[in-house]
Each structure stands twice: as C-alpha cells, then as structure tokens.
S.K.: 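Sending over a structure as structure tokens; questions will come in a sec.
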There are 4 protein chains.
Amino acid sequence: MIIRLDMQSELPIYTQLMNQIIEGIASGSLQPGESLPSVRSMASDLGVNLHTVNKTYTLLKQEGFILVHRQKGVVINPEGMPEITAEYEHKLHGQLKPVVAEAICRGMSQDQLLTIIKDMYKQIAHGRKENI
Amino acid sequence: MIIRLDMQSELPIYTQLMNQIIEGIASGSLQPGESLPSVRSMASDLGVNLHTVNKTYTLLKQEGFILVHRQKGVVINPEGMPEITAEYEHKLHGQLKPVVAEAICRGMSQDQLLTIIKDMYKQIAHGRKENI
Amino acid sequence: MIIRLDMQSELPIYTQLMNQIIEGIASGSLQPGESLPSVRSMASDLGVNLHTVNKTYTLLKQEGFILVHRQKGVVINPEGMPEITAEYEHKLHGQLKPVVAEAICRGMSQDQLLTIIKDMYKQIAHGRKENI
Amino acid sequence: MIIRLDMQSELPIYTQLMNQIIEGIASGSLQPGESLPSVRSMASDLGVNLHTVNKTYTLLKQEGFILVHRQKGVVINPEGMPEITAEYEHKLHGQLKPVVAEAICRGMSQDQLLTIIKDMYKQIAHGRKENI
DNA sequence: GTGGTCTAGACCACA
DNA sequence: GTGGTCTAGACCACG
C-alpha cells in the first residue's frame, strides 16, 4: 500500500498516516489479519521520526483498528473493526456539522452534497471488491 | 445568537468560534448585512482574549463570510456568501474523505451515512426558514 | 467629479479621498483654480465624518495640491502643482520598489509592467485633453 | 540576507519585513527551496517580537511565497512563485494608480517614470544573475 | 470606541 | 527546538 504524506499540510503527519491506514482498510487494500511494517521500518520508509509512527499506531490500537502482538508485530485487527458506538456517532456529528454548515452557506444543495458522498463511497468501496 | 465554547476541546477556540458563526449563517440566525459584536465586546462576552476573536474575524474576512465596514463595524457579507470554488471543493473532499473512510471501516452503510447528512441538512435548513 | 469610497477597503477613507482628488487633478477633471466643496458639504455628500474630510484637505494643503482661502474656500492650487523634489523622488522609490519586486517574483517581464504603466498614463492623460 | 527595519516608519514592521523578503526573492538572494530562519531566531535577530515575524510568515505563506515544511522548517516555495492572477492584477492596478496619478500631477513625463521603473528592474534583476 | 499593531510571557502539540 | 495557540496589557490610527 502506497502512503503519501504532505509535509506542508496543516494536518500533523501522524494524523495523515492514521487517515491513510484507515482508508486502506476501508478500501480493502489492507485486510484484517494482514501485518503492517514495524515502527522502525515504516518510519525509515517514510522518512519520518519513530515517535510519529509510534503515535499513529498507538492511536489506531486505542480505537481498535490494529493489534500489536509482541511476536507477530502489528496487524490489522483480525476480529473485525470497531463498532458504531454512541461515542463514535457523537464524534462523527462533530466532524460533519461544520462541514455541512459551510456547504449550506456556500449554497450547495443537499443533493449536490449527497452526490459527493455517494461518489466517495463508490470510489472507496469499489477498490474493496477488487482487493478482496 | 448563542455561542458555546468548550475550553477543554482539542479544537482551538478561534476555530470553534468560526464554526459556530458559519453555522449561524447557514441556519439563518445570522442574516447577510447583520452586524456582529465588536472584537472587544464579543471577547468579553465569551470570556476570551480579544486576539482570539480577532483571529476568528480575520479568517472569516479572508474567506469572504464577513467584512469590516469602516462605519458599520463587522457585518455578515451583505453581497452573499463565498462561491463553490474548485479550491473549496478540494478542501471539502479532503475534509470528507477520512470521515467517510472511517464510517465504512466501522460498517456503516451508505444509506445510514446519507441519512445522517440529510438530518443535519434539515436541522440547519429548518432554522433557516424560521429565521427568515 | 464623482468620488467613490470603499468602506470595506483597507485604505483609510481620507487616503482614498486624497488619491481620488489627486487623480482628478491628474486627469484634468479638476483644474487649477477650480474650487472644491467645503469640508461640511463634502462630508455630508459622501456620508463621512467631518474630521475625515478635514484630514484629507490638510494633507493636500501640506503637499501643495490645494489652497485654503478664508473667503474663496478650498481651491486647486492655481499656481500649479508641487515640484518633483528629492523628497518626493525618495517617496516614489519607496512606493514603487515593493510593487516592482512582487511583479518580478511573479514572473512579470519588464515589458509587461511598462505596458501597464503606459496604459495607465494614457488612460489618465486622455481624460486630460477632454477636460482642458 | 540583510534586513533593515525602520521602527519610525508608518509601515507596520511585519509589512516592511514582508517587502524585504519578497525583494530578496526577486533579486535572487533568496532562492526557491532555501530555508528561512525560524520565527524565534528571526525575531531575536531583528529585535522584534516573535508574533510580528509570525504574522509576516503567515501572510507570505497565504500568498504562496513560502511554505512551512514540518521537517525543514520555513522555506522559500520550491515549486516557484505565485502566478499572475486576475486578483493580483487588480491589486497591482490599485497600487499603481495613485502613484502614477501623483507623478502626472507633479509634471513627470511618461518617459521619466518608465526610466525609473526600468532602473529599478535592472537593479533588482542584476542581483538576480549574481546570486544564481 | 473601533480595529490594527506590537510586546511579553506562557503552554502545548509536533517531530 | 519548532510553529501554533492563548492571555494580558499597551499604543495608535481611524472615524
């Protein structure tokens, strides 16, 4: 899986890395049980600090996306992904609300926005079939 | 218009303030041409430093949501809101993609997500009618 | 002579007013000896504060563009315009340098910039003939 | 690169600093990809507050002259300078018009003004060759 | 009284 | 050590 980091982005590197791994899982290019590079090798591959990769893995583990085995190393959680908890729904609302509000301000219709979401779903889920 | 700030949030205060003003515009509780409190009074109302409010206003001004009239003070842009530019669409995609990806990971169906968006649209646009 | 003020501009009103009067003189729509409205009437015409017009007139007088007679009121200096002093050349350099530097940065050729200046000269001087 | 600030000038410090960095880029003494001092070190070198330098950098970043690399720090935009957009041309006109008008008022011929611009171009572009 | 600018000093997230 | 954020307090230009 190819990872692209933008060193000029306002998003911290560890966040970009997290997002891309989650997108990888969503698209199926990273399958449950599949192993991820060690902290050291990932860091040297990407040319970033150990701490940065470490933080990414720690957060992904906390949320239940990955497991860190002492022997097998880092793997995508083979028992499946975290559930849709109330806490998650709350976070989701908090993330979406300002985005939707700005879209409305700029005069984007509900349909326009829904179409963008659908396209995004298709684009990601499409890869899913190919990769399974 | 009532503004609520969470001083424990990871989001900077000026971002929270920006979001709430944009939501206020989207919901119609802030109408184009309407004036906003001065930096100083807003700051003292919210119990934050005037520089924090100043940063919010500066950013909203740059994006075209508000403008600073030398006589009327700070007002919601009476000429309407910023357009849906290519730049904005790019930003929108960047904001939505990780959110959609995580939703897919957690097994949320496309319809579930679309429903959440629709509800959010309705909730905001509903206030719009009331306030007009 | 029509004066347009932009209340949203970053330039102070008195500066905009000054610039437009100078442009009026340059284009010939304001002739030496011609009289300008009194501070009070100019202020009420434009809907601005007395102090603002006063400041404009004071500055124009200091630089020699206008005279303030106790009886005739405010007139464009009938003895002609201020000279090209060393002080003025210094100011001119200071104004042009950052503008030229940014143009070069953005890859504007010398000819492109000179063409813009020539066009501007023509546009202003053209009015001059019509108005004389 | 040597930077000179005039603490008595009517121009804000952050504007003077901005102008000089842009002039530095135009003259080639600051090359694309080259890194700039950190906010703190620049501030202490110049004897100004770090927020002042910060504002300069923020503005230069917004206009695309520099970018903040998470590893290399602040660098002159290696992908080249911002383009000549319609927005920029509008700003340029607004900056030049009052300057040209005053020059005409004072009886400066078109050729005199063009010569000044050419000299300025040569002076800046001359350094460019030496520095490349 | 308004926004704009500047200073001083502080904490935090990031790498 | 870096930039980003926040606070407190000050002066000035503007209207």
Side-chain angles (χ1 to χ4, degrees), chain A residues 5 7-17 43 46-56, chain B residues 5 7-17 35-44 46-59 61 66-74, chain C residues 5 7-17 43 46-56, chain D residues 5 7-17 35-44 46-59 61 66-74:
Chain A
L5 299 178
M7 305 314 263
Q8 281 87 52
S9 169
E10 56 179 354
L11 282 101
I13 295 176
Y14 80 90
T15 303
Q16 296 181 50
L17 189 47
L46 299 175
V48 300
N49 197 298
L50 286 180
H51 301 333
T52 307
V53 179
N54 212 344
K55 181 157 190 175
T56 303
Chain B
L5 298 179
M7 306 312 257
Q8 268 65 45
S9 167
E10 54 177 354
L11 284 112
I13 296 175
Y14 77 88
T15 303
Q16 295 180 50
L17 186 48
S35 57
L36 256 44
S38 75
V39 172
R40 282 172 168 77
S41 73
M42 170 78 89
S44 81
L46 299 176
V48 299
N49 192 279
L50 94 181
H51 290 110
T52 307
V53 178
N54 203 354
K55 181 159 189 175
T56 302
Y57 279 6
T58 302
L59 289 169
K61 188 174 60 177
I66 67 175
L67 46 82
V68 179
H69 191 104
R70 291 198 107 90
Q71 293 169 324
K72 296 179 201 159
V74 181
Chain C
L5 298 179
M7 305 315 261
Q8 281 88 50
S9 168
E10 55 178 355
L11 282 101
I13 295 174
Y14 79 90
T15 304
Q16 296 179 52
L17 188 47
L46 299 175
V48 300
N49 197 298
L50 286 179
H51 302 332
T52 307
V53 179
N54 211 344
K55 181 156 188 175
T56 303
Chain D
L5 299 179
M7 305 313 256
Q8 267 66 44
S9 168
E10 54 177 356
L11 284 114
I13 296 174
Y14 76 90
T15 303
Q16 296 180 48
L17 186 48
S35 56
L36 256 44
S38 76
V39 173
R40 282 172 169 76
S41 75
M42 170 80 87
S44 81
L46 299 175
V48 300
N49 192 280
L50 96 181
H51 290 110
T52 307
V53 178
N54 203 354
K55 181 158 190 176
T56 302
Y57 279 7
T58 302
L59 289 169
K61 186 173 61 178
I66 66 174
L67 48 82
V68 179
H69 191 105
R70 290 199 109 87
Q71 294 169 324
K72 296 181 201 158
V74 181

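Computed from heavy atoms alone, side chains included, the values below leave out hydrogens, waters and symmetry copies.
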S.K.: Side-chain N or O of D/R70 versus OP1/OP2 of E/dC14: is the shortest distance under 4.0 Å?
M.R.: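 It does not, given that no N or O in the side chain of D/R70 lies less than 4.0 Å from OP1 or OP2 of E/dC14.
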S.K.: When you measure from the side chain of C/Q16 to the backbone N and O of C/L11, does any donor-acceptor pair fall under 3.5 Å?
M.R.: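 Yes.
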S.K.: In the structure I gave you, are the side-chain heavy atoms of B/Y57 and B/V68 within less than 4.5 Å of one another anywhere?
M.R.: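 No, their side chains stay 4.5 Å or more apart.
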S.K.: So what does D/K72 hit on the nucleic acid, given a heavy-atom distance under 4.0 Å: a base, only sugar-phosphate, or nothing?
M.R.: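 Nothing, no nucleic acid heavy atom in range.
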S.K.: Does DNA chain F take part in any stems of at least 3 consecutive Watson-Crick or G-U pairs (both distances under 3.5 Å), and if so, which ones?
M.R.: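 Looking at DNA chain F, the stems formed by three or more consecutive pairs are E:1-14 with F:1-14.
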S.K.: What I'd like to find out is whether the side chain of C/N49 reaches to under 4.5 Å of the side chain of B/Q71, using heavy atoms alone.
M.R.: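 In short, these two side chains do not touch, never coming nearer than 4.5 Å.
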S.K.: Please round to the nearest 0.5 Å and tell me the distance separating atom CG of B/N54 and atom NZ of B/K61.
M.R.: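 The NZ atom of B/K61 is 8.0 Å from CG of B/N54, to the nearest 0.5 Å.
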S.K.: Need two values: the first and the last nucleotide of DNA chain F, 5' to 3', having an atom under 4.0 Å from any heavy-atom of chain D.
M.R.: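 Here the contact window of chain D covers F/dT2 to F/dC6.
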S.K.: Of all heavy-atom pairs between D/A43 and D/L50, which one has the smallest distance, and what is that distance?
M.R.: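 Closest approach of D/A43 to D/L50, heavy atoms only: CB-CA, 3.6 Å.
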S.K.: Under the side-chain contact (heavy atoms from CB on, under 4.5 Å) rule, collect the residues that match up with D/S38, sequence neighbours excluded.
M.R.: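 For D/S38, the residues satisfying side-chain contact (heavy atoms from CB on, under 4.5 Å) (neighbours in sequence not counted) are D/R40, D/S41.
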S.K.: Under 4.0 Å, heavy atoms only, any strand: does B/Y57 hit a base, just the sugar-phosphate, or nothing?
M.R.: nothing
S.K.: I want to confirm an ordering. Mapping C/T15 and B/K55 to their closest nucleotides on DNA chain F, which one lands closer to the 5' end?
M.R.: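 Closest to the 5' end, via its nearest nucleotide, is B/K55.
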S.K.: Grab the two heavy atoms, one from C/L5 and one from C/L17, that are nearest each other, plus how far apart they are.
M.R.: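 That closest heavy-atom pairing would be CD2-N, 4.2 Å.
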S.K.: For A/P12 and D/M7, find the nucleotide of DNA chain E closest to each by heavy atoms; which residue's nucleotide sits nearer the 5' end?
M.R.: D/M7
S.K.: Nearest heavy atom decides the nucleotide; on that basis, is B/R40 or D/S38 closer to the 5' end of DNA chain F?
M.R.: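 The answer here is D/S38.
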S.K.: Counting N and O atoms only, with roles assigned by atom type, does the side chain of B/T56 sit under 3.5 Å from a partner on the main chain of B/Y14, one being a donor and the other an acceptor?
M.R.: yes
S.K.: Take D/L11 and B/V74, find for each the nucleotide of DNA chain E with the closest heavy atom, and name the residue whose nucleotide sits nearer the 5' end.
M.R.: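 Closer to the 5' end of DNA chain E: B/V74.
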S.K.: Categorize C/V48 for me: base, sugar-phosphate, or nothing, with a 4.0 angstrom heavy-atom threshold over every strand shown.
M.R.: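 The residue C/V48 makes no contact with any strand.
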S.K.: How many angstroms lie between atom CD of A/E10 and atom OG1 of A/T15, to the nearest 0.5 angstrom?
M.R.: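 Rounded to the nearest 0.5 Å, the CD-OG1 separation comes out at 10.5 Å.
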S.K.: Just to be sure I understand the rule, does B/I13 reach a base, reach only the sugar-phosphate, or reach nothing, if contact means heavy atoms closer than 4.0 Å?
M.R.: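 Counting heavy atoms under 4.0 Å across all strands, the contact made by B/I13 is with sugar-phosphate only.
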